[in-house]
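Side chains included, hydrogens not; waters and symmetry mates left out as well; all remaining heavy atoms used.
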Amino acid sequence: MASNTHGSGNSGTGASVPDRPAVRSYLTRLVCSMCGNPEEVDRLKNVCTACGRVLFYEYDLDAVRETLPRDALRARDATLWRYRELLPVRETRHIISLGEGMTPLLPAPRLGAVSGFSQLYVKEEGLNPTGSFKARGISVAVSRALELGATALGIPTAGNAGGALAAYAARAGLPCYVLMPEDTPLANKLECVLYGANLYLVKGLINDCGRIVREGAAAGRWFDVSTLREPGRAEGKKTMGYEIAEQLGWELPDAIIYPTGGGTGIVGMWKAFDEMERMGWIGSRRPKMISVQAEGCAPIVRAFEAGERHATLFANAHTVASGLRVPVAIGDYLMLDAIRASGGTAITVHDDEFTPAMRAIARAEGISPAPEGGATYVALTKLRDSGFLKTSDRVVIFNTGAAWKYSELLETGLLPVLDPADPAVQAQIA
Ligand SMILES: *Cc1c(COP(=O)(O)O)cnc(C)c1O
Ligand SMILES: [Zn+2]
């Protein structure tokens, strides 16, 4: 059995980490978030067989509450696997980790001074393996797929998820197939090839890639690990919610500003807050969940403004923030429900605003922001101007990736080029 081969071949990865002893699994169910239909929890599954929507893992939270006091977390390693009782991997030996998660929640006093906010924080996700927070969801999805016997993995990607899958599949010893729009940033293509993934470039967007991956999965070529069509990825991303609570001393901020593509982050954090409340780790207060999208691809903002629970396909989707180039999302209702229930909002940013915001964050704080991270800062200032946020609010903005993955954008936006024949060349240096 290929699954046994992979399982035993890789058993050292988790077990060799000394302070990661085997723990009991508290995983109980796999349930549809839309219609409540239960699926077999210990089988490889994608979407609800009854309605086609998103499946969520559930845990015996009463039992976790009994056995895991939140303060016990302090002694654990600084990865997202510190929350392993709340993650869907039953056996420690199946954990495929590259040190993802427990990223710093950096106070940003200089950026705060420039923008007027007295309690501004940046959740610095660019420090994850492969330079984006996609490492979180992919670490959990690959671990779980390995545990359940997958022998190959397939993914449609706007860029960073493909690079992350390439790395974690390599570490798991599993072959992977990455389908990516042909005009994705070069760094994303190169990392896939570097890690030995089978990379295919597609004339189209992530939803076109998704169709090809679903057909391949149906033909038995690989297991589909698409965003929210595989239940482990949201579990990996939910750890951002656990971390923010833990890092702020079990108090949530007033607002979280998050750049939204497929939406796993918002959906995952919202689920984490609910789980934490049910374990008595936090109270019932929630941050305003604020979704940021690009003007050229804003299906969630459009649906939010129209008062709809589902978003329609955003035609001619385009933006340089490749992680936000997601014209349709299966978890639209989960994002929109969370934004509304939290008293949050959804807002767009124009492509011309990304590079100046990246520069502002980088120069004020020494943080390397992806354009998606820059978008959260633009949203912060817009929501201050509109009065939606108060400058005394405690706000967390997400930098979801590292600037260096977007070298084409930086090259056109940042590098000054002098023309020696220009008599005004000295003036350009001033
Ligand atoms: C994927 C991605 C996003 C969007 O994240 P979702 O959780 O899928 O909405 C934002 N920023 C970057 C850098 C990404 O790679
Ligand atoms: Zn369903």
- Restricting to pairs with a member in residues 399-414, which pass salt bridge (charged side-chain N to carboxylate O under 4.0 Å, His left out), not counting sequence neighbours? E191-K405
- Message: Could you tell me if T260 and Q293 have a donor-acceptor pair between their side chains, going purely by distance under 3.5 Å?
- Response: no
- Message: Is a donor from one side chain sitting under 3.5 angstrom from an acceptor on the other, for Y59 and S25?
- Response: no
- Item | Residue list, salt bridge (Lys or Arg N to Asp or Glu O under 4.0 Å) with D42, at least two apart or on another chain | R90, R144
- Regarding T227 and R233, is there a side-chain donor-to-acceptor distance under 3.5 Å anywhere? yes
- Message: Which label fits Y258 and F133: parallel for a plane angle under 30°, tilted from 30 to 60°, or perpendicular past 60°?
- Response: tilted
- Message: Donor-acceptor pair, distance only, cut-off 3.5 Å: does the side chain of N46 make one with the backbone of E230?
- Response: no
- Message: Under a plain distance cut-off of 3.5 Å, with no hydrogens placed, do Y121 and Q247 share a side-chain donor-acceptor pair?
- Response: no
- May I ask you to check whether E372 and Y406 show a side-chain donor-acceptor distance below 3.5 Å? yes
- Short question: side chain of D393, backbone of V395 - any donor-acceptor pair under 3.5 Å? no
- Check for a donor-acceptor pair, side chain of D332 on one end and backbone N or O of A311 on the other, with a separation under 3.5 Å. yes
- Item | Side-chain donor/acceptor of S407 to backbone N/O of W404, under 3.5 Å | no
- Item | Residues L27, L87; criterion side chain to side chain contact (heavy atoms under 4.5 Å, CB included); working and verdict | CA-CA 8 Å; L27 183 61; L87 292 170; over 6 Å; no
